[in-house]
Structure formats: structure tokens, C-alpha cells
Amino acid sequence: MESNALLWFRKGLRIHDNPALDHARRGATRRLFPVFVLDPRYLEPDPTAFSPGSARCGINRIQFLLESLADLDGSLRRLGSRLLVLRGGDPADVLIRVLKEWKIGKLCYEADTEPYGQARDNRVREFASASGIEIFSPVSHTLFDPADVIQKNGGKPPLTYQSFVKLVGQPPSPIAQRVTSLPPVGDVGEYEILGVPTLQELGYGDIGQVEFSPFRGGESEALKRLKESLTSKEWVANFEKPKGDPSAFIKPATTVLSPYLKFGCLSSRYFYQSIQEIYKNAKRHTSPPVSLVGQLLWREFFYTVAFGTPNFDQMRENKICKQIPWSNDEKLLASWREGQTGFPWIDAIMVQLQKWGWMHHLARHSVACFLTRGDLFIHWEKGRDVFERLLIDSDWAINNGNWLWLSCSSFFYQYHRIYSPTKFGKKYDPTGKFIRHFLPVLKDMPKEYIYEPWTAPLSVQKKANCIIGKDYPRPIVSHDTASKECKKKMGEAYAFNNLLGDANWKRLREKSEKDKLDPGRRPRLKQKRLG
DNA sequence: GTGCAGGTTGTGCGG
DNA sequence: ACCGCACAACCTGCA
């Protein structure tokens with residue numbers, strides 16, 4: 001019997017290698033309703049936020065999403081369909097309403113492993129099951145199904161990259177067949193259907209002078225960018241992530257495909273296959289973890305651990321996270337967030353984040369280390385929130401995973417290795433081109449002082465039209481003192497965590513609750529592991 | 001239980 | 001430009 005199908009887009013904003021779309025168009029589908037629901041959780045303007053955008057989403061990522069939707073709509077129209085953009089509150093509520101109203105018999109959507117997505121999808125799934133609607137919900141955002149990997153590993157997520165790589169084999173191939181036409185859209189009845197809105201239509205009319213992200217959203221752009229990135233076979237075969245230049249911004253040192261993977265404008269399986277084809281014809285090529293394929297596997301690794309770890313996005317109640325007594329200094333946090341730390345390398349990166357919504361991986365490391373275990377000793381969750389909001393590629397699993405990593409809270413523990421906020425950038429960009437671009441106030445500072453402008457004689461500052469303390473801030477901390485202090489605190493925190501040990505952890509906590517003591521507070525004992 | 005190797009991406013120095 | 005090593009020393013995985 002013929003029925004109506006609904007294809008629910010959330011991520012996976014693409015036509016190529018889209019199993020949900022493939023399934024929706026097949027079989028006895030009479031009418032196909034391709035739907036995207038605007039989620040107020042991410043899109044409701046928040047005028048009190050520290051920069052243009054909503055509470056959870058900066059303007060650049062909203063724009064990226066809208067461009068991706070417009071591109072998707074265009075592609076669907078070429079296939080005889082269109083994108084039905086809906087609004088009206090919580091996406092699960094909206095979806096349940098249209099499932100009823102449009103007499104949907106088959107619901108297709110890509111599986112989502114994030115907690116927010118799971119809660120949302122469970123509500124819809126429950127309704128659909130109870131209503132006898134067929135559900136097809138394939139895993140196609142990632143190469144592997146995190147649940148499968150965890151099962152393979154005996155029920156626990158692998159906690160090192162190497163063990164993860166050993167565990168997984170080859171990912172499934174992307175769908176080879178091209179979609180050439182789609183069933184027509186059905187009658188939407190009374191329902192209000194929007195075209196893909198503009199920023200203005202979403203209520204972001206009064207954005208001041210902002211330098212916008214140079215990266216445009218959408219599947220077409222993703223495939224174009226992929227093609228360009230893979231043009232040089234030699235570049236692909238020799239790619240080594242740690243050797244990239246974090247200060248390169250005219251032509252970034254990486255592919256910048258992360259935002260397209262985040263929204264699913266690009267299929268990770270297609271990306272993987274494209275790289276493999278180049279490897280096949282190359283004499284030699286680099287390997288994980290540093291290779292290009294290795295980067296895709298890092299994504300998988302974090303998706304898997306994030307899926308299998310309760311409270312992955314917080315320190316408390318997170319089994320794999322070191323309990324560290326981070327400080328809570330709102331003023332220092334604000335300086336970091338606004339690019340006002342007085343360290344040009346740090347501030348330029350934070351400005352790039354605000355303006356572009358993208359920075360090189362190692363630039364992210366620099367500022368994350370500085371905020372947490374390197375200098376300010378501020379909670380990684382605070383930095384995570386800022387990145388999550390402003391990055392165009394912000395991805396729940398990967399962002400949290402990297403903050404855990406950088407703050408030495410999990411995965412990585414060599415807390416004495418601290419990025420210098422002055423010397424690290426200088427290695428790559430001795431004349432300070434990156435700083436001059438993103439911090440124009442320093443554009444005439446001589447290169448001898450560009451990384452430490454507070455050391456410039458006043459005459460030099462005057463000549464450069466930049467008085468330190470007036471036009472550009474003095475450093476908010478002394479890196480030498482602050483980093484030494486941080487190392488000491490990390491050592492104490494580690495000792496305390498080891499003291500608690502896995503088995504003792506729960507018991508001690510219960511006990512401390514009775515005693516009204518908090519073991520998460522400043523540790524007193526400086527001791528080695530006590531078994 | 002113990003010891004050892006390895007860990008995408010620190011810095012500073014010498015070659 | 002690129003390597004190796006010392007520095008001081010963390011954790012996890014495995015034998």
C-alpha cells in the first residue's frame with residue numbers, strides 16, 4: 001500500500017550518501033515531505049549574549065546553517081522536491097504534529113548520538129511507534145556506530161586512540177548511486193511553510209560591523225572544498241597534522257572540512273573513501289594518528305567515548321574526568337573570551353574565533369591550555385561553552401573531548417607540557433602577520449615586540465600608535481609565575497585523584513557527604529598513588 | 001604486583 | 001630547516 005514518507009533533516013544536510021533520504025524515496029512512497037524544524041534552543045536571538053547570536057549559537061554558525069539549508073533546498077528542488085522549513089517551538093512537538101496531520105506512514109532520519117538529540121528523537125520515536133509509523137534511523141553521521149564499537153570492546157568505550165583504531169576495521173562504503181529524482185511533496189494543509197529564512201527573518205537584524213566567517217555553508221560548498229583539498233595527491237599522502245602551521249589564515253594548513261562534517265554537508269564515509277583512493281595510488285602515505293584518515297578516526301574516537309560515557313560534558317559525575325579544583329574568576333574568563341589577555345597570540349586567536357568561527361587545531365590548543373592548566377586555571381567547561389557557541393564546526397563530542405584532553409582532565413596527562421603564549425606562535429609566524437590581521441591595534445608594532453608588546457619601550461609604543469595599558473592591555477598574568485603555579489596545582493589535584501582511586505572514590509564521596517566535606521575541593525595531600 | 005613502552009601537536013638547546 | 005636530546009614526569013596498556 002502506498003504511503004507518505006517524512007524525511008527529517010537535522011544534521012546530514014546533504015543529498016550524497018544519505019541513507020535516510022535513500023530509504024525515504026524508495027518503496028511505496030507516494031508523497032515525500034523533506035522537513036527541517038528550526039530549533040529555538042539554538043536559534044532564538046539572545047540580546048544579552050556576549051556577541052551576536054543566540055544563547056548557544058554565535059551568528060557565524062547560524063549563518064552557516066542557513067546557507068546549508070538553502071543549498072539543500074536548491075538540490076531538493078532540482079530533484080522535484082523542496083525543503084519544508086518549519087518553526088513553532090520544540091522540534092519534537094512540531095514533528096509529532098505534522099506526523100499526524102500529514103498522515104505519515106514512514107519516518108526517516110539519521111541517528112544522532114548526542115544526549116540532546118537522543119532525548120528529542122526518543123520522544124518522536126515513541127509517538128511514531130505507538131502510531132504504527134515505520135521508522136528508519138540509520139547511522140550515517142559517523143563512519144562507525146559508536147554502540148557497535150563499545151560492544152566490541154566488551155561494553156566499555158576504548159579510552160585510547162590506539163586501542164580504538166585496533167578495534168575498528170574498515171568503515172562501510174558510501175552509497176554509490178546518485179539520486180536523480182524524488183517523489184513529489186504532499187499537501188501541507190494548514191501548516192505554515194517557510195522558505196529558508198535569512199538572519200534578519202530570524203530576528204538578527206541589528207548586527208553591527210562584524211567580520212564574518214569566510215567559510216560558506218552547504219553541501220555544494222563542501223564537495224567543492226573536498227575536491228580542492230584533494231587536488232594535490234602529494235599533500236593528501238603526506239599530511240601530518242602536528243606539522244601544520246596554526247598561524248596560516250589566508251590559506252589554512254588544514255582542509256577546513258570540519259564544519260561540513262559537523263552539519264553533515266559532507267559524508268565522512270565519502271571523505272574517507274576519497275582519501276583511500278588517493279592512498280591506493282600513492283607510493284607511501286602517512287598513517288593515523290597524524291594522517292588525514294587519522295583525523296577522521298579522531299572524530300570517531302571522540303564520538304564513541306562521548307556516547308559511552310555518562311556526563312561526558314562535565315567534570316562532576318564523569319568517571320573518566322580528573323577532579324580538579326579549577327578557579328572561578330569571571331574577570332579573567334571575560335578577558336580570555338574577549339581577546340583582552342594582553343598576550344597578542346592568545347588574543348588574536350580569540351578574535352579569529354569571534355570573527356571567523358574557526359581556528360587551526362593548534363591555535364585552539366594554545367588558548368585552551370592558557371585558560372585552563374597553563375595560566376588561568378579556569379574550568380574547562382567555561383572554555384568549552386565559549387567554543388561550543390562560537391565555532392562553526394562545534395561538535396558536542398569532539399569539543400568536549402578536546403577540552404578534556406587539553407585541560408589534562410582525561411586522555412592526555414602530561415600537564416607539565418605547557419604551550420607558551422608568546423613562544424609557540426613565534427615559531428610559526430616570527431613577524432606576527434596573524435596577530436596584525438586579527439588585532440589591527442598592533443599592526444604597526446615592530447616584530448621584535450609583537451608577541452610581547454609590554455616590553456616595547458614607550459617611544460616604540462608611541463611610534464606604533466599603541467600604548468600598552470591604554471590601547472592594548474597589559475598581560476593579565478605573568479606566564480612564568482602562573483604556569484609554575486598551575487603545574488603545582490595540577491600535581492596536587494592528580495595526587496588527590498590517585499589517592500581516591502577507583503574503588504575508593506564512591507565510598508569516600510559518600511562518607512564526605514555525611515561529614516559535610518567536599519573531596520573535590522583543594523587537595524591537602526601531596527602523595528603518590530596509594531594502591 | 002611490577003616494570004616498561006608509548007603517547008597526534010612543550011620548550012630549550014645543540015648539532 | 002630539521003633532527004635528537006634533556007628536562008621532569010604524567011597516564012594507560014600490556015607483558
Side-chain angles (χ1 to χ4, degrees), chain A residues 153-154 156-167 238-248 252-255 258 285-302 305 309 318-324 343 345-346 349 359-370 372-375 398 401-430 451-452 479-480 482-484 486-503 523 526-531:
Chain A
N153 197 46
K156 282 178 174 177
L159 291 176
T160 66
Y161 181 82
Q162 300 298 349
S163 60
F164 173 85
V165 171
K166 264 189 225 161
L167 211 59
N238 295 326
F239 183 90
E240 281 184 71
K241 185 65 162 282
K243 292 200 175 156
D245 175 359
S247 72
T254 54
T255 61
S258 53
H285 62 81
T286 52
S287 299
V290 296
S291 64
L292 211 46
V293 156
Q295 305 312 302
L296 276 174
L297 295 177
W298 277 106
R299 177 174 182 267
E300 299 294 314
F301 171 66
F302 285 126
V305 183
T309 307
N318 180 348
K319 272 194 165 160
I320 67 166
C321 182
K322 295 271 184 208
Q323 303 299 303
I324 295 168
F343 290 94
W345 170 247
I346 299 298
I349 295 167
M359 317 91 96
H360 185 274
H361 189 62
L362 291 178
R364 301 182 193 201
H365 275 216
S366 282
V367 296
C369 181
F370 185 87
T372 57
R373 66 184 170 84
D375 291 86
I398 303 170
N402 277 306
W403 277 96
L404 284 162
W405 184 293
L406 251 296
S407 63
C408 284
S409 296
S410 196
F411 308 115
F412 176 79
Y413 306 96
Q414 288 165 263
Y415 59 78
H416 40 84
R417 292 192 181 174
I418 292 175
Y419 292 89
S420 163
T422 55
K423 285 152 196 158
F424 184 72
K426 210 184 281 181
K427 272 196 303 200
Y428 300 95
D429 181 16
Y451 284 87
E452 292 134 299
H479 174 63
D480 271 0
S483 62
K484 280 198 187 91
C486 281
K487 279 189 226 179
K488 197 173 141 247
K489 287 187 210 161
M490 289 297 287
E492 288 168 359
Y494 270 38
F496 192 80
N497 278 267
N498 289 339
L499 190 63
L500 293 182
D502 320 57
K526 204 175 176 182
Q527 236 170 312
K528 283 279 170 192
R529 180 192 280 278
L530 300 181

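Chain A is the first sequence line, chain B the second, and so forth, proteins listed ahead of strands; every chain is numbered from 1.
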Report, one pair per line, the protein and nucleotides 4-7 of chain B atoms (nitrogen or oxygen only) whose separation is under 3.5 Å.
residue	atom	partner	partner atom	Å
dG7(B)	N2	Gln414(A)	OE1	3.4
dG7(B)	N3	Gln414(A)	OE1	3.4

For Asn402(A), side-chain hydrogen bond (donor to acceptor under 3.5 Å, both in side chains) partners two or more places apart: none

Pair listing, salt bridge (Lys or Arg N to Asp or Glu O under 4.0 Å) test, anchored in residues 360-370 of chain A, at least two apart: Arg364(A)-Asp393(A)

Phe343(A): partners by ring-ring contact (aromatic ring centres under 6.0 Å, His included), with sequence neighbours left out: Phe370(A), Trp454(A)

Those residues that, when tested against His479(A), pass side-chain hydrogen bond (donor to acceptor under 3.5 Å, both in side chains) (two or more places apart): Asp375(A)

Taking only N/O atoms, report every protein-nucleotides 13-15 of chain B pair under 3.5 Å with atom names and distance.
none

DNA chain B base-pair string [pairs: Watson-Crick or G-U under 3.5 Å; |: paired with another strand]: .||||||..||||||

Any residue of residues 359-367 of chain A with a heavy atom less than 4.0 Å from an atom of DNA chain B: His361(A), Leu362(A), His365(A)

Set of side chain to side chain contact (heavy atoms under 4.5 Å, CB included) partners for Thr309(A), sequence neighbours left out: Pro157(A), Val305(A), Phe312(A), Asn318(A), Ile320(A)

Value in whole Å for how far the C1' atom of dC7(C) lies from CZ of Arg417(A): 10 Å

side-chain hydrogen bond (donor to acceptor under 3.5 Å, both in side chains) involving Tyr451(A) - partner list, sequence neighbours excluded: none

Partners passing side-chain hydrogen bond (donor to acceptor under 3.5 Å, both in side chains) against Ser420(A) (at least two apart in sequence or in another chain): Thr422(A)

By salt bridge (Lys or Arg N to Asp or Glu O under 4.0 Å) - contacts of Lys243(A) (at least two apart): Glu240(A)

